[in-house]
Amino acid sequence: AFPGVDCPAVEDQEVTLVGPSSSHFTRTARLFALELGVPHRFEPVLDLTSTDRAAYADNPALKVPILVDQHGPLYGTENICRELARRSALAERVVLRGQVGERVVANAEEMVLHAMSADVNLIMLGTPAAERDPPKVRRSLENALAFVDVELDRALAALPADRALSFLEAALFSLATHLPFRKIMEVGAYARICAFRDRFATRPSARATEYRFDAAV
């Protein structure tokens, strides 16, 4: 159970979410699990440089997050969010990627996912960022954020008013907090994104999934 979620899950069997606490893709999945009241445990990946499939719940792509249940592993943030929604009694009030026909929402979802991938690419290049960033990757990240910032109010207004959670919101919050956490860039220039981030940050799920680097106990 999670504070604020009083709606029981459709399936009571606990699932395991595998990934690092420092990952925005993992945080997106964790937000879904917490917001939708799906019973789960979190298993952090301690070494993202590992090439051992076992460290990633046998994901052959060596990527996170992974959901593990009685049927085995499920790979990919979007797939995991769909499965978590399916397991939740709040499923009808969850807005998954591609579920809203308005193009402004589809484009915002695409730009957020692109920015998340660009963020990871820049992290993998190492530091100092200013010396090693490919100009196109950096510019595409900034352009994507600028687009989302301009269109965010329209995109949010196009979502169902009675939604419990949307993929766009969970992913955007995870991205907006990840960029400064990993010192890729500050987001203060994007006023609408910052206002949204600050509103979403008051949710118990956001406080429960704050970014940190996991360490072996």
Side-chain angles (χ1 to χ4, degrees), residues 1-5 7-99 109-110 112-117 119-120 123 163-175 177-178 181 200 203-214 216-217:
F2 188 69
V5 176
C7 197
V10 172
E11 293 189 24
D12 292 332
Q13 186 163 354
E14 183 180 70
V15 302
T16 299
L17 293 178
V18 179
S21 300
S22 58
S23 160
H24 50 18
F25 288 114
T26 299
R27 190 179 199 182
T28 301
R30 293 179 71 194
L31 288 170
F32 260 71
L34 292 169
E35 289 280 337
L36 302 184
V38 178
H40 69 284
R41 60 184 292 269
F42 176 58
E43 183 178 310
V45 174
L46 301 179
D47 181 11
L48 285 175
T49 66
S50 174
T51 57
D52 181 1
R53 285 174 54 160
Y56 305 89
D58 203 38
N59 186 339
L62 310 181
K63 294 176 65 177
V64 294
I66 308 98
L67 179 148
V68 182
D69 63 9
Q70 69 271 29
H71 304 295
L74 178 64
Y75 310 131
T77 305
E78 290 183 64
N79 286 334
I80 292 170
C81 290
R82 291 181 188 281
E83 175 61 18
L84 292 170
R86 187 190 69 80
R87 288 172 170 265
S88 174
L90 295 172
E92 293 186 357
R93 294 175 52 211
V94 177
V95 184
L96 297 164
R97 186 190 180 195
Q99 200 166 326
E109 291 169 338
E110 177 66 19
V112 168
L113 286 171
H114 170 75
M116 293 173 82
S117 295
D119 180 11
V120 171
I123 290 169
R163 66 189 179 278
L165 183 66
S166 71
F167 183 82
L168 174 61
E169 291 168 300
L172 178 57
F173 175 75
S174 298
L175 170 66
T177 49
H178 194 258
F181 168 72
F200 199 98
R203 298 189 182 209
S205 62
R207 295 195 293 268
T209 57
E210 289 184 0
Y211 290 122
R212 63 185 180 88
F213 293 108
D214 299 301
V217 178

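Predicted, not measured: the structure shown is a model, and the values here were computed from it.
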> For a 4.5 angstrom cut-off between non-hydrogen side-chain atoms, does Pro20 reach Thr26?
yes
> Measuring from His114:NE2 to Glu110:CD, what's the distance to the nearest 0.5 Å?
8.5 Å
> Could you report the tightest heavy-atom contact between Arg27 and Ala206, atom names first, then the distance?
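Result for this residue pair: NH2-O, 2.8 Å.
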> Please list all pairs meeting ring pair (Phe, Tyr, Trp, His ring centres under 6.0 Å) that have one or both residues in residues 16-50, counting only residues at least two apart or in different chains.
His24-His178
> Once ring-ring contact (aromatic ring centres under 6.0 Å, His included) is applied, do any residues pair with Phe181, and if so which ones, sequence neighbours excluded?
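Here the qualifying residues are Tyr211, Phe213.
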> Would you mind reporting whether Pro60 and Arg53 have side-chain heavy atoms less than 4.5 Å apart?
yes
> Indicate the atoms forming the closest heavy-atom contact of Leu175 with Val112, along with that distance.
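Distance-wise, the nearest heavy atoms are CD2-O, 4.0 Å.
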> Using modelled atom types only, decide if a donor and an acceptor are shared between the side chain of Asp214 and the backbone of Ser21 within a distance under 3.5 Å.
yes
> Would you please name every residue forming a salt bridge (Lys or Arg N to Asp or Glu O under 4.0 Å) with Asp47, sequence neighbours left out?
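So Asp47 forms no salt bridge (Lys or Arg N to Asp or Glu O under 4.0 Å) with any residue.
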> Output all residues satisfying ring-ring contact (aromatic ring centres under 6.0 Å, His included) with Phe167, sequence neighbours left out; order by chain, then residue number.
none
> Search all heavy atoms of Ser88 against all heavy atoms of Leu36 and return the closest pair with its distance.
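For Ser88 and Leu36, the tightest heavy-atom pair comes out as OG-O, 2.9 Å.
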> Rounded to the nearest 0.5 Å, how far does CG of Leu172 lie from CZ of Phe200?
9.5 Å
> Go through the steps for Val95 and Leu168 under the test side-chain contact (heavy atoms from CB on, under 4.5 Å), then give the verdict.
CA-CA 8 Å; Val95 184; Leu168 174 61; over 6 Å; no
> Among residues two or more places apart or on two chains, list those pairs meeting salt bridge (Lys or Arg N to Asp or Glu O under 4.0 Å) that have a residue in residues 68-81.
Asp69-Arg87, Glu78-Arg97
> Taking side chain as C-beta onward, heavy atoms only, is Met116 less than 4.5 Å from Thr28?
yes
> What distance do Cys81 atom SG and Glu35 atom CD have between them, rounded to the nearest 0.5 Å?
11.5 Å
> Checking side chain to side chain contact (heavy atoms under 4.5 Å, CB included) against Leu17, which of Arg30, Glu43, Arg41 comes through?
Arg30
> Is the shortest heavy-atom distance from the side chain of Val45 to the side chain of Val18 under 4.5 Å?
yes
> Rounded to the nearest 0.5 Å, what separates atom OG1 in Thr49 from atom CG in Leu46?
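Taking OG1 in Thr49 and CG in Leu46, the distance rounds to 11.0 Å.
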> Do Pro65 and Thr77 come close enough that some side-chain heavy atom pair is under 4.5 Å?
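In short, these two side chains touch, coming nearer than 4.5 Å.
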> Once salt bridge (Lys or Arg N to Asp or Glu O under 4.0 Å) is applied, what residue pairs with a partner in residues 163-172 remain, sequence neighbours excluded?
Arg163-Glu169
> Distance check, rounded to the nearest 0.5 Å: Thr16 atom OG1 versus Leu67 atom CG?
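Here the interatomic distance stands at 7.5 Å.
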> Taking all non-hydrogen atoms of both residues into account, name the closest pair between Lys63 and Asn59 and its distance.
O-ND2, 3.1 Å
> Please report the shortest heavy-atom distance between Leu34 and Ala208, naming the atom on each side.
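Here Leu34 and Ala208 meet closest at CD1-CB, 4.1 Å.
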> If every non-hydrogen atom of Tyr56 is compared with every non-hydrogen atom of Leu62, which pair is closest and at what distance?
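Smallest heavy-atom distance, with atoms named: CE2-O, 3.6 Å.
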